[in-house]
Number of protein chains: 2
Amino acid sequence: MKIINNLEEAEDINMQLNYYNKEDQVLLAVDCIIFGFDKENLKILLIKRNFEPEKGKWSLIGGFLKKNENLDQAAVRVLHTLTGLGDIYMEQLYTFSKIDRDPGQRTISVSYYALIDVESHKFDGIQIDSARWFELNEAPDLIFDHNEMIKRAMARLRRRALTKPIGFELLPEKFTMRQLQNLYESILDKKLDKRNFINKINSLDVLIKLDEKDMTVSRKGAYLYVFDKEKYNKKVEEDGFTFKI
Amino acid sequence: MKIINNLEEAEDINMQLNYYNKEDQVLLAVDCIIFGFDKENLKILLIKRNFEPEKGKWSLIGGFLKKNENLDQAAVRVLHTLTGLGDIYMEQLYTFSKIDRDPGQRTISVSYYALIDVESHKFDGIQIDSARWFELNEAPDLIFDHNEMIKRAMARLRRRALTKPIGFELLPEKFTMRQLQNLYESILDKKLDKRNFINKINSLDVLIKLDEKDMTVSRKGAYLYVFDKEKYNKKVEEDGFTFKI
DNA sequence: TTTACTAGTGTGTAAGATACACTTTAAAAT
DNA sequence: ATTTTAAAGTGTATCTTACACACTAGTAAA
């Protein structure tokens, strides 16, 4: 181990480490893992690349950070430009930096994941020929380290969905208990008991049960619910409440 | 919302988004939040900057990503160069990108946090005049967005320490139950019940109780323990065990 | 009127979390 | 030798939460 003995040497090292060096500039990419839910299954949005390198292969949507924006803004812009989507839940995931991850050029990629309700955004441009929804286990092999990005996003989504009410981002405003359960079963990739699930959700006390039924799925019809965001926020603030599935 | 109607327009957008543009290159910094524990309190290592901008102010240690390394390697290098420390637990935290976060130049910073046992690394160069350990609540105001980095690191550490055995990275190889409890009390910032804590730790069944006592703290002396990493790994693999405090 | 199909509902049991106070040990002081 | 001192070490009862489990209700279509 190196021992630093005095202030002068420390200064040298600081200078060496911190001097702004144009040589070391890199391109910063932003890649988006877009999760969608269609009331039945969790899906992921991919595009077929029509430019080199790796033209013709499937990949996440992505773009480059520009001088006049921060990463969150870049992620929003990329998503909007390629899909027409706006006002979407997005969260930074992880920064990938393997030296040759992009054979075209040294590129570091900051990944973001997004959550959207597939149905309400059906005609927002995502049905262009080069973009498609894939079931999670039927997604094709992707370019670069994009497979790893999805794996990491999936792990994050699982953890978050258990402790934050982000699942509702994947559902339409009004949804049935069955749809909510389907969502959690997709995210967690396991069957849940209907009664226990409903009991747990009700005990959280953050849903509003509407006087309205969804009659499309059964003869009896299923009551619709909405997530009460104000109530949730208030509970978090006032009682330190944590959403827990 | 913008609707994309055909493949040609989509291609234009793809080209526009993805063309490698030298103009948009940026400097990537790596900043390290170094947590240390001295058997009593959780601390953080800061240095006094002896170069511009913000010369004379306290900051996290940091450096810039070089062409021939990935981010993990850069973080290890920065930590080693400035403190002499090697073989340290580090984990990528978050990437900060506010446009004017560094007034000297547009810089994006990828933060890492590190965990070390203060005592065993006492003479590794960190006592140079410009570096100092601070109690968490006595740390001075830092440059740029470094305060925010610490806040985020603290939150991550709290979550991780509850579900992964990373706390042991902050302790010497041999430690007493009291020290382990002190550590968790520091991390979680609350008092824990001694009996419940010990019962819980013992039920995890991943410590080895040694036939050896630490006689420095009390008349009676306290048994020393070591974390059994092999046993832990085996349990995780074979039974899907999760460490849970 | 019957059939078919999904929605909707409650309780008992097991496991885990929490609250809580006295005894043991060995060194230091007398 | 005896007493004092200070932290280590230890167990149980109670409460809370997690989990397993099966029948009735309601509506549209046949």
Side-chain angles (χ1 to χ4, degrees), chain A residues 38-41 158 161-163 171-172 174-186 188-226 235 239-245, chain B residues 38-41 158 161-163 171-172 174-186 188-226 235 239-245:
Chain A
D38 62 0
K39 293 178 183 161
E40 300 264 323
N41 291 298
R158 252 179 220 141
L162 288 173
T163 52
L171 289 167
K174 300 174 183 180
F175 51 86
T176 67
M177 276 290 178
R178 163 59 54 184
Q179 289 162 5
L180 186 60
Q181 188 179 339
N182 284 343
L183 172 62
Y184 275 93
E185 290 183 343
S186 299
L188 304 176
D189 194 27
K190 69 173 179 192
K191 289 276 161 225
L192 301 172
D193 177 82
K194 183 167 54 160
R195 277 171 297 183
N196 290 340
F197 182 78
I198 292 174
N199 287 343
K200 197 179 277 184
I201 295 292
N202 282 335
S203 76
L204 293 175
D205 188 32
V206 289
L207 295 191
I208 298 165
K209 184 176 188 170
L210 301 178
D211 252 353
E212 196 179 338
K213 282 187 166 187
D214 175 352
M215 302 304 293
T216 62
V217 255
S218 79
R219 306 280 147 79
K220 188 180 177 182
Y223 281 104
L224 288 166
Y225 292 80
V226 293
K235 289 179 76 145
D239 321 332
F241 169 74
T242 51
F243 186 89
K244 212 154 183 23
I245 301 292
Chain B
D38 62 359
K39 295 177 182 163
E40 299 263 325
N41 291 297
R158 251 178 220 142
L162 288 172
T163 52
L171 289 167
K174 300 175 183 181
F175 52 85
T176 67
M177 275 291 177
R178 164 58 52 186
Q179 289 161 6
L180 186 61
Q181 187 178 340
N182 283 344
L183 173 63
Y184 274 94
E185 290 183 343
S186 298
L188 303 175
D189 194 27
K190 67 172 177 191
K191 289 277 162 225
L192 301 172
D193 178 84
K194 183 166 54 159
R195 277 172 297 183
N196 290 340
F197 182 77
I198 292 174
N199 287 343
K200 198 179 276 185
I201 294 292
N202 283 334
S203 76
L204 293 174
D205 188 29
V206 290
L207 295 191
I208 297 166
K209 184 175 187 169
L210 301 178
D211 252 351
E212 197 180 335
K213 283 187 165 186
D214 175 353
M215 301 304 293
T216 61
V217 255
S218 80
R219 305 280 148 78
K220 189 180 176 184
Y223 281 105
L224 288 166
Y225 292 79
V226 292
K235 289 179 77 145
D239 321 333
F241 169 75
T242 50
F243 185 91
K244 212 153 182 23
I245 302 293

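All chains are named by letter (A, B, ...) in the order of the sequence lines, taking the proteins before the strands, and each is independently numbered beginning at 1. Since this is a predicted model, take the numbers as computed values, not measurements.
Of all heavy-atom pairs spanning Asn41(B) and Asp38(B), the tightest one is N-OD1, 2.8 Å. The heavy-atom pair separating Thr163(A) from Lys244(A) by the smallest distance is CG2-NZ, 4.2 Å.
Mapped onto DNA chain C by nearest heavy atom, Gly221(A) and Lys200(B) fall at different nucleotides, with Gly221(A) at the one closer to the 5' end. Residue whose closest nucleotide on DNA chain D sits further toward the 5' end, between Lys213(B) and Asn199(A): Lys213(B).
Heavy atoms of other residues, nucleotides or ligands lying less than 6.0 angstrom from OH of Tyr184(A) number more than 12. The environment of Lys235(A) atom NZ is dense: over 12 non-hydrogen atoms of other residues, nucleotides or ligands sit within 6.0 angstrom. More than 12 heavy atoms of other shown residues, nucleotides or ligands fall within 6.0 angstrom of atom CZ in Phe197(A). Around NZ of Lys213(A), the count of heavy atoms belonging to other residues, nucleotides or ligands within 6.0 Å exceeds 12.
Taking the 5' to 3' direction, DNA chain C first and last meets chain A under 4.0 angstrom from a heavy atom at dA4(C) to dG10(C).
Separating the CD atom of Gln181(B) from the C1' atom of dA8(D) is a distance of 12 Å, rounded to the nearest angstrom. Taking atom CZ on Arg195(A) and atom P on dA18(D), their separation rounds to 17 Å, with Å as the unit. Residue Lys244(A) contributes atom NZ, which lies 8 Å from atom P of dA18(D) at whole-angstrom precision. dG9(D) atom P lies 15 Å from atom CG of Asp193(B), rounded to whole Å. Here the P atom of nucleotide dT16(D) and the CG atom of Asn196(B) are 15 Å apart, to the nearest Å. In this structure, the CG atom of Leu210(B) is 12 Å from the P atom of dG9(D), given to the nearest Å. When the P atom of dA20(D) is taken as reference, atom CG of Leu192(A) falls 11 Å away, rounded to whole Å.
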Measure all distances between protein nitrogen or oxygen atoms and nitrogen or oxygen atoms of nucleotides 1-7 of chain D, and list the pairs falling under 3.5 Å.
| from | atom 1 | to | atom 2 | distance (Å) |
| --- | --- | --- | --- | --- |
| dT5(D) | O2 | Arg219(B) | NH1 | 3.3 |

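A heavy-atom distance below 4.5 Å is found between the side chains of Val206(B) and Phe241(B).
In this structure, the separation between NZ on Lys174(A) and CD on Gln179(A) is 12.5 Å, given to the nearest 0.5 Å. Note that NZ of Lys200(B) is 6.5 Å distant from CD1 of Ile245(B), once rounded to the nearest 0.5 Å.
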